[in-house]
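Because the structure is predicted, anything quoted here is derived from the model rather than measured. Proteins get letters first, then strands, A, B, ... in listed order; numbering begins at 1 in each.
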Amino acid sequence: MEDSKSVRSNFIWDFVQQDLDAGRCQSVHTRLPPEPNGWLHIGHAKNIYVNAGTAERFGGLCNLRFDDTNPAKEEQEFVDGIQADIRWLGYDWNGGLFFGSSYFDECYELAEKLIRDGNAYVCDLPQEEMRRMRGTLTQPGQNSPYRDRSVEENLDLFRRMRAGEYPNGARVLRAKLDMASPNINMRDPALYRILHMPHHQTGDKWCIYPMYDFAHPIQDALEGITHSMCSLEYEAHRPLYDWVVEVCGFPNHPRQIEYARLNLTRTVMSKRYLRKLVEEGYVRGWDDPRMPTLAGLRRRGYTKEAIRDFIERAGVAKADSVVDLALLEHCIREHLGEVAPRAMAVLRPLKVTITNWPEGETKALTLENHPAHPEMGTHEARFGRTLYIEQEDFMENPTGKFFRMKPGGEVRLKGAYIVRCDEVVKDEAGNVVEVRCTADLTSLSCSEGAGRKVKGTLHWVNADDAVPFEARLYEPLLRDEDAIEEEAEGDEAVPDKKDFIARLNPNSITVLTGCMAEPWLTDAKDGDKFQFLRLGYFCKDQDGFVFNRVVELKDSFKPAAK
RNA sequence: UGGGGUGUAGCCAAGCGGUAAGGCACGGGACUUUGACUCCCGCAUUCGUAGGUUCGAACCCUGCCACCCCAGCCA
């Protein structure tokens with residue numbers, strides 16, 4: 001069955017294949033370059049798929065390289081978390097683990113080479129002045145007055161920058177390109193800046209740090225990367241990337257290929273916003289089940305298989321796009337439906353009494369763990385006089401096509417008998433607190449009498465055996481559609497706290513107490529096994545979006561005290 | 001406005017001169033010991049748009065339109 005699902009090709013693989021065929025490279029070597037400034041989210045799963053997946057596809061290597069050239073934004077916590085998440089997704093870095101910062105020596109040497117070759121110069125312009133002289137989208141920039149310094153002077157100045165003789169921002173090393181270039185990125189971009197700040201990998205060794213545009217091509221070339229995949233916004237940087245590789249004199253020339261990053265409907269994907277949610281306590285951490293981080297999705301019950309399948313189905317292309325959340329939901333339902341053992345539990349119990357069943361007597365039943373996979377075995381459950389069903393599976397005044405329990409109606413209790421609802425018991429307030437039924441004793445599942453068909457089948461638990469637990473139902477933090485439009489109006493400012501939070505759905509955690517589950521669930525060693533308590537346990541919200549409501553057993557499943 | 005990109009169904013996405021794949025969503029039906037799952041069937045006479053070339057165009061050419069990215073000493 002699995003192999004009938006063919007691996008979808010994409011334009012990147014076509015390019016790589018062409019390079020291989022044309023002999024431009026003998027094998028494939030990619031790299032995954034996360035910046036350790038946050039945890040990985042679902043969007044990064046696409047980066048991983050594209051980079052590690054491409055290496056995998058061509059039997060090549062993929063390096064994991066932390067892109068840590070800016071100590072101001074990066075932390076050790078994230079370099080650990082990121083590795084764990086990549087591993088969890090089932091990818092590895094068979095090409096090795098690297099840090100961009102471990103190439104600082106090489107970057108420095110190459111910067112001096114550029115100076116000696118007349119390809120770079122030290123510029124003393126203050127930041128604002130430099131911006132002003134860069135020109136605009138329509139007007140060319142002007143040459144810096146420092147552009148024609150001698151090699152000796154540039155070398156001396158650059159060495160002093162390194163020696164720490166100047167304060168932050170006093171000078172910068174710039175590429176000597178073309179201030180009139182229509183591509184603004186080519187108007188003498190900065191290569192090195194002064195930043196007196198310790199780095200989480202190199203400590204106090206450096207007070208100048210290379211810019212991404214200078215460091216990245218060098219790192220790629222040094223590691224023998226053949227294909228360097230990145231997102232669309234770097235397209236305009238490619239000429240600069242190629243220039244750096246060229247003037248540094250590398251014999252090999254990595255090819256940069258850009259693709260569209262992943263966007264998901266209603267999902268906040270910006271690290272800046274996610275960080276805000278964490279730092280201001282709106283969620284309990286980067287791995288909160290409401291977060292779109294890989295760690296959060298994992299806790300919400302997503303499997304790596306579902307996420308990988310989703311990424312692959314969403315495709316890799318160059319058009320900006322927003323993938324429908326429904327596709328992700330489809331993928332997790334499909335995978336869990338295939339692999340999760342079935343177990344019965346009720347989240348909001350409603351007492352059911354089988355009036356024609358003798359008090360104190362029980363019948364042992366054998367229930368399959370998976371309807372399509374007998375090899376997954378069976379488990380036992382006991383049927384007795386008092387049971388619990390889901391409150392929402394009963395309707396006193398059924399509307400429309402309601403096939404579940406209703407007064408006078410018949411329904412099958414999964415794996416047991418067909419029962420008829422005879423009577424409804426209410427409390428003073430008029431709430432239904434009990435339903436009294438008679439069972440058709442000839443209709444036991446798998447018996448001769450089991451052939452009779454009724455419209456509905458319900459899950460249930462035996463009251464005497466049932467184990468109470470607390471359930472937390474998590475829903476992702478989603479934006480409302482209007483917010484997305486507002487967002488599109490594009491202003492750079494982070495929306496004010498109130499605004500931002502107001503755009504996310506509230507009540508994203510529902511805590512239920514008094515839930516009842518089959519006793520065999522108490523044998524659970526880890527929660528993962530029982531994420532799918534009840535197949536079909538998902539429902540639509542007001543907007544018609546379907547979510548899995550997965551009970552996070554690991555934290556919330558609390559077997560009753562013995 | 002200069003430069004770089006992208007426009008194929010509600011959302012993704014194949015297609016590369018020979019007459020519009022597939023998935024999600026949606027609608028209808030069958031099946032069903034959970035209305036799930038599964039299974040059928042339906043869902044673009046048309047590819048942003050207007051012309052041109054061609055026996056033949058989503059694919060080639062020209063003009064126009066829309067959207068995204070670039071003016072950090074962020075990545």
Taking atom [atom2] of [N] as reference, at what distance in whole Å does atom [atom1] of [X] sit?
X	N	atom1	atom2	result
A/Arg238	B/G5	CZ	P	7 Å
A/Ile257	B/U6	CD1	P	14 Å
A/Met197	B/C73	CE	C1'	13 Å
A/Asn10	B/C16	CG	P	16 Å
A/Ile12	B/A14	CD1	P	11 Å
A/His237	B/A71	NE2	P	7 Å
A/Glu334	B/C24	CD	P	8 Å
A/Asn185	B/G2	CG	P	17 Å

Using a cut-off of 4.0 Å on non-hydrogen atoms, how would the nucleic acid contact of [X] be classed: base, sugar-phosphate, or nothing?
X	result
A/Lys455	sugar-phosphate
A/Val454	nothing
A/Phe402	base
A/Gln127	base
A/Thr138	base
A/Ile208	nothing
A/Gly169	base
A/Cys446	base
A/Arg412	base
A/Tyr234	base
A/Ser181	nothing
A/Met186	nothing
A/Val411	nothing

[N], OP1 or OP2 - any side-chain N/O from [X] closer than 4.0 Å?
X	N	result
A/Lys318	B/G5	no
A/Thr69	B/A75	yes
A/Arg134	B/C73	yes
A/His330	B/C24	yes
A/Ser9	B/A14	no
A/Lys453	B/U33	yes
A/Arg272	B/C74	no

Among the candidates [options], find the nucleotide nearest to the side-chain atoms of [X].
X	options	result
A/Glu233	B/C69, B/G72, B/G2	B/C69
A/Ala190	B/C73, B/U1, B/U33	B/C73
A/Asn183	B/A75, B/A25, B/G3	B/G3
A/Val172	B/U33, B/C70, B/C73	B/C73
A/Val323	B/A25, B/A71, B/C12	B/C12
A/Arg333	B/C24, B/U6, B/A25	B/A25
A/Ala317	B/U34, B/A71, B/A14	B/A14
A/Met130	B/C73, B/A75, B/C24	B/C73

Nucleotide forming a Watson-Crick or wobble pair with [N], both distances under 3.5 Å:
N	value
B/C67	B/G5
B/U45	none
B/C39	B/G29
B/A58	none

(request) Nearest-nucleotide wise, let me know which of A/Ser443 and A/Lys46 is further upstream toward the 5' end of RNA chain B. (result)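 On the 5' side of the pair lies A/Lys46.
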(message) Nearest heavy atom decides the nucleotide; on that basis, is A/Arg193 or A/Ala314 closer to the 5' end of RNA chain B?
(response) A/Ala314
[atom1] gap between [N] and [M], integer Å:
N	M	atom1	answer
B/A20	B/A13	P	22 Å
B/C47	B/G2	C1'	30 Å
B/U8	B/U46	C1'	9 Å
B/C43	B/A21	P	11 Å
B/C59	B/U53	P	15 Å
B/C39	B/G22	P	15 Å
B/U54	B/A14	C1'	25 Å
B/C68	B/U1	P	12 Å

Tell me whether [X] is salt-bridged to [Y], with the criterion being a basic N under 4.0 Å from an acidic carboxylate O.
X	Y	result
A/Arg132	A/Glu129	yes
A/Arg65	A/Glu223	yes
A/Arg238	A/Asp242	no

(request) Kindly indicate whether a cation-pi arrangement holds for A/Arg171 with A/Tyr166, taking the cut-offs as under 6.0 Å to the six-membered ring centre and within 45° of the axis. (result)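 Geometry flag: set, cation within 6.0 Å and 45°.
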(request) Return the minimal non-hydrogen interatomic distance between A/Glu518 and A/Leu367, and the atom names on each side. (result)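 Where A/Glu518 meets A/Leu367 most closely, the heavy atoms are OE1-CD1, 3.9 Å.
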(request) For A/Phe394 and A/Ile389, work out which heavy atoms get closest and say how close. (result) CB-CD1, 4.4 Å
(request) Nearest 0.5 Å please: distance from the CZ atom of A/Phe402 over to the NZ atom of A/Lys455. (result)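 Between A/Phe402 CZ and A/Lys455 NZ, I get 13.5 Å after rounding to 0.5 Å.
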(request) Could you tell me the separation between the CD atom of A/Gln142 and the CG atom of A/Asp188, rounded to the nearest 0.5 Å? (result)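 The CD atom of A/Gln142 sits 12.5 Å away from the CG atom of A/Asp188.
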(request) Kindly indicate, with the supporting measurements, whether the criterion salt bridge (Lys or Arg N to Asp or Glu O under 4.0 Å) is fulfilled by A/Glu410 and A/Arg452. (result) CA-CA 11 Å; A/Glu410 281 195 319; A/Arg452 192 154 72 86; 2.8 Å; yes
(request) Could you tell me whether B/G52 is syn or anti, where syn means a glycosidic angle within 90 degrees of zero? (result)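 Because its glycosidic torsion lies more than 90° from 0, B/G52 adopts the anti conformation.
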(message) Going by ring pair (Phe, Tyr, Trp, His ring centres under 6.0 Å), A/Tyr209 matches just one of A/Tyr192, A/Phe104, A/Phe214. Which one?
(response) A/Phe104
